[in-house]
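Throughout, a chain's letter reflects where its sequence line sits, starting with A, and its residues are numbered from 1.
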2 protein chains.
Amino acid sequence: MYLKPMYSKELLKGTLTTIILRLLATHGKMYGYEITQKVKILSGEKILIKEGSLYPALHKLKDEGLVKTETEMVGNRMRKYYSLTEQGGVSTKEKVDELFQFIDTLKVILNVNPKLT
Amino acid sequence: MYLKPMYSKELLKGTLTTIILRLLATHGKMYGYEITQKVKILSGEKILIKEGSLYPALHKLKDEGLVKTETEMVGNRMRKYYSLTEQGGVSTKEKVDELFQFIDTLKVILNVNPKLT
DNA sequence: CTTGTATACATAGTTTTTCTATGTATATTT
DNA sequence: AAATATACATAGAAAAACTATGTATACAAG
């Protein structure tokens, strides 16, 4: 199956955790596979989160107390739902805010009019 | 000396090379220290590029043929000026474009209205 | 006059993040 | 029956930026 090339992987660095947290904030509880698919669809298949990136990131968020889990059986298949803790809700706001501030700063630097500097 | 805290270092990942290239595109030739100071000022001291990040990045860009150098003595002090090669000019446009597309995608994902998904 | 700060380059080794590759297993479609 | 999709997980590699350190000159403060 053909997939449009993803953005330079490097760009995702530092933003994956923020993406996960924000999706959990807007969707309530989600399971891992669901997160990969949601990101794939919302990004027009341009951001493809790999399982080798997602699960370690989720485990880390749990260790840090930002998300909690509940396991559910669907048929014979396990599903592990992730949702924000109270602390995770606070952290999400901070991280999203920081990311947008960073983007604003980036725009200043990248759109420099040399006559003004 | 007190400095406002920098953005989460992770956010810079993947954007440093684009920042360097874009600054060279708008300013012609620049030397390393000048780049760190320009970024510091343009970002309101929120992005502080470390020498341990900058010089390896510049050397890599040179290895890849995206920038070229000329050394100049200012008093007794060496100054190594970096400027874009032709290929570097093309690459700069691509990278800046990719970064802004990534930012647009990121906004879609982070601003999701759950009612619409 | 000497101490600290600024300018200016460079690199070794560490940390962090994401990736590739692999493994297990069930469900559904062809 | 085979291929694809669903669903979790982890080990080890790769990439990027960091910390820490080193060299050296210039200038300001005390």
Side-chain angles (χ1 to χ4, degrees), chain A residues 1-3 5-21 29-41 45 47-64 67 69-82 95 99 102, chain B residues 1-3 5-21 29-41 45 47-64 67 69-82 95 99 102:
Chain A
M1 175 197 177
Y2 173 76
L3 276 182
M6 191 172 147
Y7 294 123
S8 195
K9 303 153 195 171
E10 294 79 38
L11 290 179
L12 195 61
K13 288 196 183 180
T15 65
L16 177 56
T17 295
T18 306
I19 288 172
I20 294 171
L21 290 174
K29 65 177 188 179
M30 295 180 86
Y31 55 99
Y33 187 78
E34 188 184 9
I35 292 173
T36 64
Q37 298 308 301
K38 185 63 80 181
V39 169
K40 183 176 165 183
I41 292 168
E45 305 205 349
I47 297 179
L48 306 173
I49 297 176
K50 305 308 184 311
E51 292 165 298
S53 310
L54 180 71
Y55 292 112
L58 285 171
H59 298 336
K60 194 180 171 220
L61 285 172
K62 193 179 179 191
D63 289 344
E64 295 169 344
V67 303
T69 57
E70 45 184 310
T71 302
E72 199 176 284
M73 289 308 286
V74 178
N76 271 342
R77 193 100 105 290
M78 178 182 58
R79 231 180 233 180
K80 203 186 219 174
Y81 279 100
Y82 291 84
K95 281 175 187 291
L99 180 51
F102 178 73
Chain B
M1 177 195 176
Y2 172 76
L3 277 182
M6 192 173 146
Y7 293 124
S8 197
K9 303 154 195 165
E10 295 78 36
L11 291 178
L12 196 61
K13 288 196 183 180
T15 65
L16 178 56
T17 294
T18 307
I19 288 172
I20 293 171
L21 290 173
K29 66 177 187 176
M30 295 180 85
Y31 54 99
Y33 187 78
E34 188 184 8
I35 293 173
T36 65
Q37 297 308 301
K38 186 62 82 179
V39 170
K40 183 176 164 182
I41 292 168
E45 306 206 349
I47 296 179
L48 305 174
I49 297 176
K50 304 309 185 309
E51 292 165 298
S53 311
L54 180 71
Y55 291 111
L58 285 171
H59 299 336
K60 195 180 170 220
L61 286 171
K62 194 179 179 189
D63 289 344
E64 294 168 346
V67 304
T69 56
E70 45 183 309
T71 301
E72 200 178 283
M73 289 307 286
V74 177
N76 273 341
R77 192 100 107 288
M78 177 180 59
R79 229 179 234 181
K80 203 186 223 175
Y81 279 99
Y82 291 85
K95 282 175 187 289
L99 180 51
F102 178 74

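- Following rounding to the nearest Å, Lys50(B) (NZ) and dT15(C) (P) show an atom-to-atom distance of 17 Å.
- Listed here is the closest heavy atom pair of Val67(A) and Leu58(A): CG2-O, 4.1 Å.
- When rounded to the nearest whole Å, the span between CG of Leu61(A) and C1' of dT18(C) equals 14 Å.
- Rounded to whole Å, atom P of dT4(D) lies 16 Å from atom CD of Gln37(A).
- Between dA24(D) and Asn76(B), no contact under 4.0 Å exists linking OP1 or OP2 to a side-chain N or O.
- Side-chain atoms of Lys95(A) and Thr17(A) include no donor-acceptor pair closer than 3.5 Å.
- Following rounding to the nearest Å, Lys40(B) (NZ) and dT5(C) (P) show an atom-to-atom distance of 13 Å.
- The side chain to side chain contact (heavy atoms under 4.5 Å, CB included) search around Arg79(A) returns Tyr31(A), Val74(A), Tyr81(A), not counting sequence neighbours.
- Separation of atoms NZ (Lys38(B)) and CD1 (Ile49(B)) is listed at 13.0 Å; rounding is to 0.5 Å.
- Annotation: side chain to side chain contact (heavy atoms under 4.5 Å, CB included) contacts of Glu64(B) (sequence neighbours excluded): Lys60(B), Leu61(B), Leu66(B).
- Both Leu16(A) and Gly75(A) lie close to DNA chain C; mapped to their nearest nucleotides by heavy-atom distance, the more 5′-ward contact belongs to Leu16(A).
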Set out, line by line, the N/O atom pairs under 3.5 Å between protein and nucleotides 7-11 of chain D.
unit_1, atom_1, unit_2, atom_2, d
dA7(D), OP1, Arg79(A), NE, 3.3
dA7(D), OP1, Arg79(A), NH2, 2.7
dA7(D), OP2, Tyr31(A), OH, 2.8
dC8(D), OP1, Lys80(A), N, 3.2
dC8(D), OP2, Gly32(A), N, 3.3
dC8(D), OP2, Tyr33(A), N, 2.6
dC8(D), OP2, Tyr55(A), OH, 2.7
dC8(D), O5', Tyr55(A), OH, 3.3
dC8(D), N4, Glu51(A), OE2, 2.7
dA9(D), OP1, Lys80(A), NZ, 2.6
dT10(D), OP2, His59(A), NE2, 3.3

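- The shortest distance between side-chain heavy atoms of Tyr82(A) and Ile20(A) does not fall below 4.5 Å.
- Residue Lys60(B) has a polar side-chain atom (N or O) positioned under 4.0 Å from OP1 or OP2 of dA16(D).
- If you take CE of Met73(B) and P of dT25(D), they are 10 Å apart, rounded to a whole angstrom.
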